[in-house]
Structures are given as structure tokens and as C-alpha cells.
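One structure below.
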Amino acid sequence: LKAAGVQRPILLHGFDATVWHFVRRARRQKFSTRVGLEDGKLLPDGRAARNNTELVAAAVSIFREGAV
């Protein structure tokens, strides 16, 4: 999209196995992202999330700590 000159925000959104890959890529490329139980139920370490709060906290941690 960037190469095509699209001047709109880009949101990367994964599903199941791709959720955390896209969260990390969004951080690296300064894109937007989203996570929630409708996207995937596992945390980055493979444990099942109890709720959306855990998923969002994991995504925020990736953005804040620079974990790629």
C-alpha cells in the first residue's frame, strides 16, 4: 500500500496463528493493529488468554518494550 502511494492509515490484523506476527510487524513498521478474542485466543507465549484485557496488555507490552 505504501509503495502504491496510499496515504491512509494501515491496520494489520491477524487471525489465530498470525495475530502476534502482525502485532510485531505493525510495531516495526509503525502501523496500527488490533487484537481480541475474536481474532485469536492465545497469548504470545502460547497460553490461553482469559479475556480481551490479557490480549490487549500483551500487544501493548510488545509496542512499549520493543519486543520484536
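- Counting non-hydrogen atoms of neighbouring residues, nucleotides and ligands closer than 6.0 angstrom, the CD atom of Gln29 exceeds 12 such neighbours.
- Note on Val56 and Phe63: same hydrophobic cluster, where clusters join Ile, Leu, Val, Met, Phe, Trp and Tyr whose side-chain heavy atoms are under 4.5 Å apart, directly or indirectly.
- A salt bridge (charged side-chain N to carboxylate O under 4.0 Å, His left out) check over residues 53-63, counting only residues at least two apart or in different chains, returns the pairs Arg50-Glu54.
- When every heavy atom of Thr33 is checked against every heavy atom of Ala26, the shortest pair comes out as CB-CB, 3.8 Å.
- With sequence neighbours left out, Ala59 forms a side-chain contact (heavy atoms from CB on, under 4.5 Å) with Trp20, Val23, Val35.
- Looking at residues two or more places apart in sequence or on another chain, you find a side chain to side chain donor-acceptor pair (under 3.5 Å) between His13 and Arg34, Asp39.
- Qualifying side chain to side chain donor-acceptor pair (under 3.5 Å) partners for Asp45, counting only residues two or more places apart in sequence or in other chains: Arg47.
- Summarising the geometry of Ile62 relative to Pro44, their closest heavy-atom pair is CD1-CG, 4.4 Å, with the distance given to 0.1 Å.
- Across Phe15 and Glu38, no two heavy atoms sit closer than the pair CE1-O, 3.6 Å.
- Looking at every heavy atom in both residues, Ala48 comes nearest to Leu43 through O-CD1, 4.4 Å.
- Residues meeting the salt bridge (Lys or Arg N to Asp or Glu O under 4.0 Å) test with Asp16, sequence neighbours left out: none.
- Scanning for salt bridge (Lys or Arg N to Asp or Glu O under 4.0 Å) contacts around Arg25 gives an empty result, with sequence neighbours left out.
- In the hydrophobic cluster analysis, where Ile, Leu, Val, Met, Phe, Trp and Tyr join through side-chain heavy atoms closer than 4.5 angstrom, Val19 is grouped together with Val60.
- Considering CG of Asn52 and NZ of Lys41, their distance stands at 10.0 Å, rounded to 0.5 Å.
- To the nearest 0.5 Å, atoms CZ (Phe31) and CD1 (Ile10) are separated by 4.0 Å.
- Note: Leu12 CG to Arg28 CZ = 9.5 Å, rounded to the nearest 0.5 Å.
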